[in-house]
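Each ligand, and each atom within it, is numbered from 1 in the order the structure gives. Being a predicted model, the structure only gives us computed values, none of them experimental. Start at 1 with the first residue, then count along the sequence.
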Amino acid sequence: MKTKITVAKGDGIGPEIMDATLRIILEAGAQIDIEEIEVGEKVYLSGNTSGISKESWDVIRRNKVFLKAPITTPQGGGYKSLNVTTRKFLGLYSNVRPCRSLFPFVETKHPVMDIVIVRENEEDLYAGIEHQQTDEVVQCLKLISRPGCEKIIRYAFEFAKQQGRKKVTCFTKDNIMKQTDGLFHKVFDEIAALYPEIENEHWIVDIGAAKMADSPELFDVIVMPNLYGDILSDVAAQITGSVGLAGSANIGEECAMFEAIHGSAPRRAGQNLANPSGLLQGAIMMLNHIGQANIAAKVQNAWLKTIEDGIHTYDIYKEGLSKMKVGTVEFTNAVIANLGSKPKVFKQILESNNPIIQLPKYTRKTPAYKKLLGVDLFVHWTGTSPDELAEKMKQLGNDNIKLSMITNRGIKVWPEGFEETFCTDHWRCRFKVVGDYQITFNDILQLQHVNQMRVNMEIIKTENLYAFNGIPAFSLGQGE
Ligand code: NAD
(Lines give C-alpha, C1' and ligand atoms only; values in the text may rest on other atoms or scores of the structure.)
Protein backbone atom coordinates (compact mmCIF):
# COMPACT_ATOMS: atom_id res chain seq x y z
CA MET A 1 0.00 0.00 0.00
CA LYS A 2 1.22 3.48 -0.81
CA THR A 3 1.94 5.99 1.95
CA LYS A 4 0.61 9.46 1.36
CA ILE A 5 3.21 12.15 1.98
CA THR A 6 3.10 15.92 1.81
CA VAL A 7 5.72 17.57 -0.38
CA ALA A 8 6.75 21.25 -0.55
CA LYS A 9 9.20 22.19 -3.29
CA GLY A 10 10.31 25.37 -1.51
CA ASP A 11 12.33 28.28 -2.89
CA GLY A 12 15.72 28.95 -4.48
CA ILE A 13 17.34 25.61 -5.29
CA GLY A 14 14.38 23.85 -3.58
CA PRO A 15 12.38 22.87 -6.71
CA GLU A 16 15.49 21.47 -8.46
CA ILE A 17 16.66 19.33 -5.56
CA MET A 18 13.10 18.18 -4.79
CA ASP A 19 12.54 17.08 -8.41
CA ALA A 20 15.87 15.22 -8.27
CA THR A 21 15.03 13.54 -4.97
CA LEU A 22 11.54 12.46 -6.00
CA ARG A 23 12.78 11.12 -9.35
CA ILE A 24 15.40 8.97 -7.58
CA ILE A 25 13.14 7.52 -4.89
CA LEU A 26 10.26 6.86 -7.30
CA GLU A 27 12.63 5.11 -9.75
CA ALA A 28 13.86 3.04 -6.80
CA GLY A 29 10.28 1.90 -6.20
CA ALA A 30 9.15 4.07 -3.29
CA GLN A 31 5.49 3.39 -2.60
CA ILE A 32 4.32 6.94 -2.01
CA ASP A 33 1.43 9.14 -3.04
CA ILE A 34 2.46 12.77 -3.22
CA GLU A 35 0.25 15.65 -2.15
CA GLU A 36 1.97 18.92 -2.96
CA ILE A 37 1.52 22.17 -1.05
CA GLU A 38 2.88 25.66 -1.61
CA VAL A 39 4.81 27.19 1.30
CA GLY A 40 7.50 29.84 1.58
CA GLU A 41 8.43 33.00 -0.26
CA LYS A 42 5.38 33.32 -2.54
CA VAL A 43 3.02 32.76 0.37
CA TYR A 44 4.94 35.23 2.57
CA LEU A 45 4.95 37.88 -0.15
CA SER A 46 1.21 37.45 -0.71
CA GLY A 47 0.81 38.95 2.78
CA ASN A 48 0.74 35.79 4.92
CA THR A 49 3.49 36.41 7.54
CA SER A 50 3.60 32.72 8.52
CA GLY A 51 4.44 31.54 4.97
CA ILE A 52 1.79 28.79 5.00
CA SER A 53 -2.00 28.71 4.54
CA LYS A 54 -4.54 26.99 6.78
CA GLU A 55 -5.34 24.52 3.99
CA SER A 56 -1.66 23.50 3.81
CA TRP A 57 -1.58 22.92 7.57
CA ASP A 58 -4.60 20.63 7.15
CA VAL A 59 -2.76 18.60 4.50
CA ILE A 60 0.41 18.28 6.60
CA ARG A 61 -1.56 17.22 9.70
CA ARG A 62 -3.63 14.72 7.75
CA ASN A 63 -0.70 13.00 6.00
CA LYS A 64 1.66 13.19 9.02
CA VAL A 65 4.80 12.74 6.86
CA PHE A 66 6.26 15.86 5.27
CA LEU A 67 9.18 16.10 2.84
CA LYS A 68 10.20 19.72 2.61
CA ALA A 69 12.72 21.52 0.41
CA PRO A 70 14.42 24.62 1.85
CA ILE A 71 12.52 27.88 1.75
CA THR A 72 13.52 31.53 1.76
CA THR A 73 12.33 33.66 4.65
CA PRO A 74 12.14 37.23 3.30
CA GLN A 75 14.21 39.69 5.36
CA GLY A 76 12.40 42.10 7.71
CA GLY A 77 8.65 42.72 7.66
CA GLY A 78 7.90 40.49 10.67
CA TYR A 79 8.00 37.23 8.66
CA LYS A 80 8.10 34.24 11.04
CA SER A 81 10.43 31.34 10.17
CA LEU A 82 8.21 28.60 8.75
CA ASN A 83 10.75 25.95 9.74
CA VAL A 84 10.66 26.91 13.39
CA THR A 85 6.86 27.24 13.34
CA THR A 86 6.38 23.84 11.69
CA ARG A 87 8.67 22.06 14.11
CA LYS A 88 6.90 23.62 17.09
CA PHE A 89 3.27 23.43 15.92
CA LEU A 90 3.67 19.74 15.06
CA GLY A 91 5.64 18.93 18.23
CA LEU A 92 8.67 17.71 16.22
CA TYR A 93 10.91 17.74 19.27
CA SER A 94 13.82 15.79 17.86
CA ASN A 95 16.03 16.88 14.98
CA VAL A 96 18.42 14.13 13.90
CA ARG A 97 21.32 15.20 11.66
CA PRO A 98 23.84 12.54 10.61
CA CYS A 99 27.15 13.92 9.27
CA ARG A 100 29.75 11.49 7.94
CA SER A 101 32.85 11.77 5.79
CA LEU A 102 32.92 10.35 2.30
CA PHE A 103 36.70 9.99 2.25
CA PRO A 104 38.60 9.21 0.00
CA PHE A 105 36.09 10.41 -2.61
CA VAL A 106 35.15 13.77 -1.13
CA GLU A 107 37.89 16.02 0.18
CA THR A 108 37.77 16.55 3.93
CA LYS A 109 40.27 17.26 6.68
CA HIS A 110 38.52 14.52 8.66
CA PRO A 111 38.61 11.15 6.92
CA VAL A 112 37.23 9.37 9.99
CA MET A 113 34.04 11.16 10.89
CA ASP A 114 30.61 9.69 11.51
CA ILE A 115 28.60 11.70 13.98
CA VAL A 116 24.92 12.26 14.55
CA ILE A 117 23.76 15.53 16.04
CA VAL A 118 20.50 15.22 17.94
CA ARG A 119 19.24 18.77 18.26
CA GLU A 120 16.42 19.84 20.56
CA ASN A 121 13.90 21.43 18.25
CA GLU A 122 11.16 23.25 20.15
CA GLU A 123 12.55 25.55 22.80
CA ASP A 124 15.64 27.47 23.93
CA LEU A 125 16.10 30.93 22.35
CA TYR A 126 13.92 29.72 19.45
CA ALA A 127 10.82 30.31 21.57
CA GLY A 128 11.03 33.65 19.74
CA ILE A 129 9.95 35.68 22.77
CA GLU A 130 11.74 38.98 22.30
CA HIS A 131 11.07 42.50 23.53
CA GLN A 132 12.65 45.90 23.39
CA GLN A 133 12.42 47.16 26.96
CA THR A 134 14.36 50.41 27.00
CA ASP A 135 15.95 52.69 24.40
CA GLU A 136 19.18 50.76 24.75
CA VAL A 137 18.22 47.19 25.60
CA VAL A 138 16.35 44.34 23.94
CA GLN A 139 15.88 40.86 25.38
CA CYS A 140 15.25 37.31 24.13
CA LEU A 141 13.90 34.77 26.60
CA LYS A 142 15.69 31.44 26.74
CA LEU A 143 13.14 28.82 27.82
CA ILE A 144 14.28 25.31 28.70
CA SER A 145 11.75 22.85 30.13
CA ARG A 146 12.17 19.56 31.97
CA PRO A 147 9.82 17.71 29.56
CA GLY A 148 11.77 19.21 26.62
CA CYS A 149 15.10 18.03 28.07
CA GLU A 150 13.80 14.59 29.03
CA LYS A 151 12.31 13.93 25.58
CA ILE A 152 15.34 14.93 23.51
CA ILE A 153 17.92 13.29 25.78
CA ARG A 154 15.97 10.07 26.03
CA TYR A 155 15.56 10.13 22.25
CA ALA A 156 19.34 10.51 21.83
CA PHE A 157 20.03 7.47 24.02
CA GLU A 158 17.29 5.37 22.41
CA PHE A 159 18.65 6.34 18.98
CA ALA A 160 22.20 5.38 20.03
CA LYS A 161 20.94 2.04 21.36
CA GLN A 162 18.94 1.28 18.22
CA GLN A 163 21.79 2.21 15.86
CA GLY A 164 24.45 0.35 17.86
CA ARG A 165 26.32 3.54 18.65
CA LYS A 166 28.69 3.60 21.58
CA LYS A 167 28.62 7.05 23.11
CA VAL A 168 26.32 10.03 23.69
CA THR A 169 27.94 13.41 24.37
CA CYS A 170 26.09 16.44 25.71
CA PHE A 171 27.12 20.06 24.97
CA THR A 172 25.89 22.92 27.17
CA LYS A 173 27.14 26.20 28.61
CA ASP A 174 26.07 25.47 32.15
CA ASN A 175 29.10 27.13 33.72
CA ILE A 176 27.37 30.42 32.75
CA MET A 177 23.67 29.51 32.35
CA LYS A 178 23.25 27.51 35.53
CA GLN A 179 19.46 27.39 35.45
CA THR A 180 18.71 26.75 31.76
CA ASP A 181 21.72 24.82 30.48
CA GLY A 182 22.14 23.55 34.04
CA LEU A 183 18.77 21.79 33.75
CA PHE A 184 19.71 20.25 30.39
CA HIS A 185 22.97 18.89 31.88
CA LYS A 186 21.24 17.62 35.02
CA VAL A 187 18.61 15.74 33.02
CA PHE A 188 21.37 14.36 30.78
CA ASP A 189 23.11 12.89 33.84
CA GLU A 190 19.82 11.43 35.13
CA ILE A 191 18.94 9.76 31.82
CA ALA A 192 22.50 8.63 31.03
CA ALA A 193 22.38 6.60 34.26
CA LEU A 194 19.49 4.57 32.76
CA TYR A 195 21.70 3.44 29.83
CA PRO A 196 24.83 1.99 31.48
CA GLU A 197 25.78 0.16 28.26
CA ILE A 198 26.26 3.50 26.45
CA GLU A 199 29.21 5.71 27.31
CA ASN A 200 28.29 9.30 28.18
CA GLU A 201 30.17 12.57 28.60
CA HIS A 202 29.53 16.29 28.85
CA TRP A 203 31.53 19.14 27.34
CA ILE A 204 31.14 22.89 27.73
CA VAL A 205 29.90 23.85 24.27
CA ASP A 206 32.76 26.19 23.32
CA ILE A 207 35.57 23.70 23.84
CA GLY A 208 33.29 20.85 22.74
CA ALA A 209 32.63 22.65 19.44
CA ALA A 210 36.34 23.29 18.98
CA LYS A 211 37.09 19.60 19.62
CA MET A 212 34.34 18.52 17.24
CA ALA A 213 35.71 20.73 14.45
CA ASP A 214 39.27 19.53 15.14
CA SER A 215 38.81 15.86 16.03
CA PRO A 216 35.30 14.74 15.06
CA GLU A 217 36.39 11.11 15.27
CA LEU A 218 36.19 11.48 19.08
CA PHE A 219 32.41 11.87 18.90
CA ASP A 220 29.51 9.59 18.09
CA VAL A 221 26.03 10.93 19.01
CA ILE A 222 25.94 14.51 20.32
CA VAL A 223 22.80 15.88 21.97
CA MET A 224 22.35 19.60 22.51
CA PRO A 225 19.88 22.41 23.05
CA ASN A 226 18.39 24.06 19.97
CA LEU A 227 20.77 26.95 19.22
CA TYR A 228 24.02 25.03 19.66
CA GLY A 229 22.56 22.17 17.59
CA ASP A 230 21.56 24.52 14.79
CA ILE A 231 25.02 26.05 14.54
CA LEU A 232 27.08 22.94 15.11
CA SER A 233 25.18 20.72 12.68
CA ASP A 234 26.12 23.16 9.89
CA VAL A 235 29.74 23.03 11.07
CA ALA A 236 29.65 19.23 11.20
CA ALA A 237 28.12 18.94 7.72
CA GLN A 238 30.54 21.47 6.24
CA ILE A 239 33.63 19.68 7.57
CA THR A 240 32.51 16.42 5.96
CA GLY A 241 32.89 18.29 2.65
CA SER A 242 29.75 20.41 2.05
CA VAL A 243 26.58 21.56 3.78
CA GLY A 244 24.91 20.14 0.68
CA LEU A 245 25.55 16.57 1.89
CA ALA A 246 23.51 16.34 5.09
CA GLY A 247 19.84 15.61 5.63
CA SER A 248 17.71 15.87 8.71
CA ALA A 249 14.73 14.16 10.28
CA ASN A 250 12.38 16.12 12.56
CA ILE A 251 10.51 13.61 14.65
CA GLY A 252 7.43 14.11 16.84
CA GLU A 253 4.91 11.82 18.51
CA GLU A 254 2.39 12.19 15.66
CA CYS A 255 4.14 13.74 12.66
CA ALA A 256 7.58 13.85 11.08
CA MET A 257 9.27 16.24 8.67
CA PHE A 258 12.31 15.44 6.53
CA GLU A 259 14.58 18.00 4.87
CA ALA A 260 18.12 18.99 3.94
CA ILE A 261 20.01 20.86 6.66
CA HIS A 262 21.03 23.67 4.29
CA GLY A 263 19.00 26.65 3.10
CA SER A 264 17.59 27.68 -0.26
CA ALA A 265 20.96 28.96 -1.64
CA PRO A 266 19.21 31.59 -3.83
CA ARG A 267 22.44 32.51 -5.67
CA ARG A 268 22.68 28.95 -7.05
CA ALA A 269 19.01 28.65 -8.00
CA GLY A 270 17.84 27.76 -11.50
CA GLN A 271 21.34 26.97 -12.80
CA ASN A 272 21.40 23.18 -12.52
CA LEU A 273 24.22 23.50 -9.97
CA ALA A 274 22.85 22.41 -6.58
CA ASN A 275 23.78 19.17 -4.89
CA PRO A 276 20.54 17.27 -4.16
CA SER A 277 22.29 14.92 -1.69
CA GLY A 278 21.12 16.66 1.51
CA LEU A 279 17.44 16.41 0.61
CA LEU A 280 17.99 12.88 -0.72
CA GLN A 281 19.46 11.92 2.69
CA GLY A 282 16.34 13.41 4.30
CA ALA A 283 14.17 11.34 1.93
CA ILE A 284 16.11 8.17 2.81
CA MET A 285 15.39 8.80 6.50
CA MET A 286 11.73 9.30 5.52
CA LEU A 287 11.62 5.95 3.68
CA ASN A 288 13.00 4.20 6.77
CA HIS A 289 10.42 6.04 8.90
CA ILE A 290 7.48 4.87 6.75
CA GLY A 291 8.67 1.27 6.74
CA GLN A 292 10.24 1.18 3.25
CA ALA A 293 13.71 0.27 4.48
CA ASN A 294 14.46 -1.85 1.40
CA ILE A 295 13.98 1.16 -0.88
CA ALA A 296 15.95 3.38 1.53
CA ALA A 297 18.92 0.96 1.38
CA LYS A 298 18.71 0.70 -2.41
CA VAL A 299 18.82 4.50 -2.80
CA GLN A 300 21.63 4.92 -0.26
CA ASN A 301 23.78 2.27 -1.96
CA ALA A 302 23.21 3.87 -5.39
CA TRP A 303 24.10 7.29 -3.98
CA LEU A 304 27.29 5.99 -2.31
CA LYS A 305 28.25 4.27 -5.58
CA THR A 306 27.76 7.56 -7.49
CA ILE A 307 29.99 9.41 -5.01
CA GLU A 308 32.60 6.62 -5.37
CA ASP A 309 32.35 6.91 -9.17
CA GLY A 310 33.60 10.49 -8.78
CA ILE A 311 30.47 12.01 -10.28
CA HIS A 312 30.27 15.19 -8.22
CA THR A 313 28.39 18.49 -8.14
CA TYR A 314 30.42 21.71 -7.94
CA ASP A 315 30.40 21.94 -4.13
CA ILE A 316 32.36 18.69 -3.66
CA TYR A 317 34.17 18.54 -7.01
CA LYS A 318 37.95 18.43 -6.64
CA GLU A 319 40.51 18.04 -9.42
CA GLY A 320 42.32 14.74 -8.91
CA LEU A 321 39.66 13.23 -6.63
CA SER A 322 36.52 13.69 -8.72
CA LYS A 323 36.05 12.25 -12.21
CA MET A 324 33.28 14.42 -13.58
CA LYS A 325 31.78 17.77 -12.55
CA VAL A 326 28.05 17.53 -13.14
CA GLY A 327 24.87 19.50 -12.57
CA THR A 328 21.85 18.52 -10.47
CA VAL A 329 20.15 16.68 -13.33
CA GLU A 330 23.22 14.69 -14.43
CA PHE A 331 23.99 13.72 -10.82
CA THR A 332 20.39 12.54 -10.46
CA ASN A 333 20.63 10.50 -13.67
CA ALA A 334 23.83 8.88 -12.39
CA VAL A 335 22.21 7.88 -9.09
CA ILE A 336 19.23 6.43 -10.98
CA ALA A 337 21.58 4.47 -13.27
CA ASN A 338 23.27 3.05 -10.14
CA LEU A 339 20.02 1.82 -8.53
CA GLY A 340 20.62 -1.86 -7.81
CA SER A 341 24.44 -1.42 -7.66
CA LYS A 342 26.41 -1.51 -4.46
CA PRO A 343 29.35 0.66 -3.36
CA LYS A 344 32.76 -1.06 -3.48
CA VAL A 345 34.76 0.97 -0.96
CA PHE A 346 32.07 2.35 1.34
CA LYS A 347 30.31 -0.16 3.50
CA GLN A 348 27.20 -1.41 1.75
CA ILE A 349 24.00 -0.32 3.47
CA LEU A 350 21.83 -3.21 4.59
CA GLU A 351 18.10 -2.98 4.93
CA SER A 352 17.39 -2.02 8.53
CA ASN A 353 14.04 -2.75 10.02
CA ASN A 354 14.32 -0.39 12.92
CA PRO A 355 10.98 0.48 14.46
CA ILE A 356 10.09 4.14 14.99
CA ILE A 357 11.44 5.26 18.35
CA GLN A 358 8.49 5.74 20.71
CA LEU A 359 9.18 7.38 24.03
CA PRO A 360 6.99 6.94 27.09
CA LYS A 361 4.59 9.89 27.51
CA TYR A 362 5.98 12.53 29.86
CA THR A 363 4.48 12.23 33.29
CA ARG A 364 4.36 15.37 35.33
CA LYS A 365 6.43 15.15 38.53
CA THR A 366 5.02 15.89 41.99
CA PRO A 367 5.11 19.69 42.28
CA ALA A 368 7.95 21.02 44.45
CA TYR A 369 7.40 23.15 47.53
CA LYS A 370 7.67 26.63 46.06
CA LYS A 371 8.47 29.61 48.28
CA LEU A 372 8.56 33.26 47.22
CA LEU A 373 11.79 34.93 48.39
CA GLY A 374 11.66 38.28 46.62
CA VAL A 375 11.35 39.99 43.28
CA ASP A 376 13.54 41.59 40.62
CA LEU A 377 12.09 44.88 39.36
CA PHE A 378 13.62 45.92 36.03
CA VAL A 379 13.53 49.66 35.42
CA HIS A 380 14.15 51.95 32.47
CA TRP A 381 16.19 54.82 33.95
CA THR A 382 18.51 57.23 32.11
CA GLY A 383 20.52 58.34 35.15
CA THR A 384 24.08 57.18 35.64
CA SER A 385 24.64 56.87 39.39
CA PRO A 386 23.69 53.53 40.94
CA ASP A 387 23.71 55.21 44.39
CA GLU A 388 21.11 57.71 43.21
CA LEU A 389 18.95 54.90 41.82
CA ALA A 390 19.34 52.94 45.07
CA GLU A 391 18.10 55.93 47.11
CA LYS A 392 14.96 56.10 44.94
CA MET A 393 14.28 52.36 44.92
CA LYS A 394 14.87 51.89 48.67
CA GLN A 395 11.71 53.95 49.22
CA LEU A 396 9.63 51.10 47.73
CA GLY A 397 10.73 48.64 50.42
CA ASN A 398 9.59 48.19 54.02
CA ASP A 399 10.56 46.22 57.13
CA ASN A 400 9.71 42.91 55.45
CA ILE A 401 11.11 43.35 51.95
CA LYS A 402 14.16 45.44 51.11
CA LEU A 403 16.32 46.47 48.18
CA SER A 404 19.34 44.14 48.31
CA MET A 405 21.17 44.69 45.02
CA ILE A 406 21.13 46.58 41.72
CA THR A 407 22.69 45.13 38.56
CA ASN A 408 23.15 46.48 35.05
CA ARG A 409 23.23 43.82 32.33
CA GLY A 410 23.70 41.28 35.12
CA ILE A 411 26.74 42.86 36.81
CA LYS A 412 26.36 44.15 40.35
CA VAL A 413 26.66 47.95 40.51
CA TRP A 414 25.14 48.53 43.98
CA PRO A 415 26.13 48.13 46.75
CA GLU A 416 29.86 48.50 46.13
CA GLY A 417 30.05 48.49 42.36
CA PHE A 418 33.02 49.57 40.27
CA GLU A 419 33.10 53.03 38.66
CA GLU A 420 34.56 51.43 35.54
CA THR A 421 31.46 49.27 34.89
CA PHE A 422 29.60 50.50 31.82
CA CYS A 423 25.91 51.06 32.52
CA THR A 424 22.96 51.18 30.13
CA ASP A 425 19.45 52.51 30.79
CA HIS A 426 18.26 49.01 31.90
CA TRP A 427 18.58 48.27 35.63
CA ARG A 428 17.57 45.31 37.75
CA CYS A 429 16.63 46.14 41.33
CA ARG A 430 16.46 43.06 43.54
CA PHE A 431 14.15 43.10 46.56
CA LYS A 432 14.51 40.31 49.09
CA VAL A 433 12.60 39.15 52.11
CA VAL A 434 13.90 40.15 55.54
CA GLY A 435 14.20 37.39 58.14
CA ASP A 436 11.51 34.68 58.25
CA TYR A 437 8.70 36.82 56.94
CA GLN A 438 6.61 34.93 54.34
CA ILE A 439 6.19 37.21 51.31
CA THR A 440 3.02 36.98 49.27
CA PHE A 441 2.13 38.35 45.89
CA ASN A 442 0.47 41.26 47.72
CA ASP A 443 3.86 42.40 48.99
CA ILE A 444 5.06 42.63 45.40
CA LEU A 445 1.98 44.60 44.41
CA GLN A 446 2.65 46.87 47.37
CA LEU A 447 6.15 47.67 46.03
CA GLN A 448 4.57 48.65 42.73
CA HIS A 449 1.86 50.63 44.50
CA VAL A 450 4.39 52.67 46.52
CA ASN A 451 6.34 53.28 43.32
CA GLN A 452 3.20 54.54 41.62
CA MET A 453 2.30 56.85 44.52
CA ARG A 454 5.70 58.22 45.51
CA VAL A 455 8.66 57.38 43.30
CA ASN A 456 7.31 56.87 39.78
CA MET A 457 10.15 54.85 38.27
CA GLU A 458 9.35 53.14 34.95
CA ILE A 459 9.16 49.43 35.86
CA ILE A 460 9.33 47.52 32.58
CA LYS A 461 9.30 43.97 33.91
CA THR A 462 9.12 42.02 37.16
CA GLU A 463 10.48 38.56 37.85
CA ASN A 464 9.58 36.65 41.01
CA LEU A 465 12.38 34.97 42.97
CA TYR A 466 11.51 31.48 44.19
CA ALA A 467 13.06 28.63 46.11
CA PHE A 468 11.97 25.13 44.97
CA ASN A 469 12.14 22.54 47.76
CA GLY A 470 14.26 24.98 49.74
CA ILE A 471 16.84 25.62 46.98
CA PRO A 472 16.96 29.19 45.64
CA ALA A 473 16.21 28.91 41.90
CA PHE A 474 17.55 32.12 40.40
CA SER A 475 20.99 33.35 39.44
CA LEU A 476 22.99 35.68 41.65
CA GLY A 477 24.19 39.01 40.28
CA GLN A 478 27.67 38.78 38.78
CA GLY A 479 29.88 39.89 41.68
CA GLU A 480 27.06 39.48 44.24
P1 NAD B 1 22.34 28.23 2.53
O2 NAD B 1 22.43 26.93 3.24
O3 NAD B 1 21.20 28.41 1.60
O4 NAD B 1 23.68 28.47 1.72
C5 NAD B 1 24.96 28.51 2.36
C6 NAD B 1 26.05 28.18 1.34
O7 NAD B 1 26.02 26.81 1.03
C8 NAD B 1 25.93 28.92 0.01
O9 NAD B 1 27.21 29.21 -0.46
C10 NAD B 1 25.27 27.91 -0.89
O11 NAD B 1 25.55 28.11 -2.25
C12 NAD B 1 25.83 26.58 -0.36
N13 NAD B 1 24.86 25.50 -0.52
C14 NAD B 1 23.77 25.27 0.26
N15 NAD B 1 23.11 24.21 -0.17
C16 NAD B 1 23.78 23.72 -1.23
C17 NAD B 1 23.57 22.63 -2.12
N18 NAD B 1 22.53 21.80 -1.97
N19 NAD B 1 24.44 22.44 -3.11
C20 NAD B 1 25.48 23.23 -3.26
N21 NAD B 1 25.74 24.29 -2.48
C22 NAD B 1 24.90 24.54 -1.46
O23 NAD B 1 22.31 29.38 3.66
P24 NAD B 1 21.99 30.94 3.56
O25 NAD B 1 22.61 31.51 2.34
O26 NAD B 1 22.35 31.47 4.90
O27 NAD B 1 20.41 31.04 3.47
C28 NAD B 1 19.69 31.24 2.24
C29 NAD B 1 18.18 31.21 2.54
O30 NAD B 1 17.81 29.92 3.04
C31 NAD B 1 17.71 32.20 3.60
O32 NAD B 1 16.50 32.81 3.16
C33 NAD B 1 17.44 31.36 4.82
O34 NAD B 1 16.40 31.90 5.62
C35 NAD B 1 16.99 30.06 4.18
N36 NAD B 1 17.19 28.86 5.03
C37 NAD B 1 16.21 27.91 4.94
C38 NAD B 1 16.35 26.74 5.65
C39 NAD B 1 15.26 25.72 5.54
O40 NAD B 1 14.31 25.92 4.81
N41 NAD B 1 15.35 24.60 6.26
C42 NAD B 1 17.49 26.50 6.44
C43 NAD B 1 18.50 27.47 6.47
C44 NAD B 1 18.33 28.66 5.75
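- Contacts of R268 with ligand 1, taken as heavy-atom pairs under 4.0 Å, involve the side chain alone.
- Ion pairing between K142 and D181 holds under the 4.0 Å rule for side-chain N and carboxylate O.
- The protein does not reach atom 26 (O) of ligand 1 closely, with no heavy atom under 4.0 angstrom from it.
- The residues D19 and K9 are annotated as salt-bridged, a charged nitrogen and a carboxylate oxygen being separated by less than 4.0 angstrom.
- Of the charged side-chain nitrogens involved, at least one lies within less than 4.0 Å of a carboxylate oxygen, so that K4 and E35 count as a salt-bridged pair.
- With respect to K68, the salt bridge (Lys or Arg N to Asp or Glu O under 4.0 Å) criterion is satisfied by exactly one of E36, E259, E38: E259.
- Between R267 and ligand 1, not a single N/O pair is under 3.5 Å apart.
- Of the charged side-chain nitrogens involved, at least one lies within less than 4.0 Å of a carboxylate oxygen, so that E190 and R146 count as a salt-bridged pair.
- In this structure, atom 36 (N) of ligand 1 is in close contact with the protein, since a protein heavy atom lies within 4.0 Å of it.
- Applying the 6.0 Å contact sphere to OH of Y195 captures more than 12 heavy atoms from other residues, nucleotides or ligands.
- Taking a distance limit of 4.0 Å, we find that atom 18 (N) of ligand 1 is approached by some protein heavy atom.
- When V243, V39, I13 are ranked by how near their heavy atoms come to atom 13 (N) of ligand 1, first place goes to V243.
- N408 and R428 are not linked by any side-chain donor-acceptor pair at a separation below 3.5 angstrom, with hydrogens and angles left out of the test.
- When the heavy-atom distances from atom 3 (O) of ligand 1 to A265, A269, A274 are ranked, the shortest goes to A265.
- Among the atoms of R87, none of the N or O lies under 3.5 angstrom from an N or O of ligand 1.
- Among G263, A237, S264, P74, the residue whose heavy atom lies nearest to atom 31 (C) of ligand 1 is S264.
- Residues E253 and K361 are paired through a salt bridge, judged by an N-O separation under 4.0 Å between the basic side chain and the carboxylate.
- Proximity of atom 6 (C) of ligand 1 to the protein is not indicated, since no non-hydrogen protein atom lies closer than 4.0 angstrom.
- T424 contributes atom OG1, which lies 11.5 Å from atom CH2 of W381 (distance to the nearest 0.5 angstrom).
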Test log, rule ring-ring contact (aromatic ring centres under 6.0 Å, His included), inputs F157 and F188: CA-CA 10 Å; F157 278 95; F188 178 77; 5.6 Å; yes
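- For the pair E120 and P225, the tightest heavy-atom approach, listed with the atom from each and the gap, is CB-CA, 4.0 Å.
- For ligand 1, the atoms closer than 4.0 angstrom to any heavy atom of D315 are 20 (C).
- For ligand 1, the atoms lying closer than 4.0 Å to a non-hydrogen atom of T73 are 32 (O), 34 (O).
- The backbone and the side chain of I71 each have at least one atom closer than 4.0 Å to an atom of ligand 1 (non-hydrogen atoms only).
- The shortest separation from a heavy atom of P266 to ligand 1 is under 4.0 Å, placing the residue in contact.
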Would you please test F184 and Y228 for ring-ring contact (aromatic ring centres under 6.0 Å, His included) and show each step? CA-CA 13 Å; F184 198 92; Y228 312 141; 8.5 Å; no
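- Considering backbone and side-chain N/O atoms, N275 comes within less than 3.5 Å of an N/O atom of ligand 1.
- Residue K68 places a heavy atom less than 4.0 Å from ligand 1.
- For atom 21 (N) of ligand 1, a protein heavy-atom neighbour is present inside the 4.0 Å cut-off.
- Near E259, with a cut-off below 4.0 Å to any heavy atom, the atoms of ligand 1 are 41 (N).
- The protein heavy-atom contact nearest to atom 39 (C) of ligand 1 is N83 ND2, 3.0 Å.
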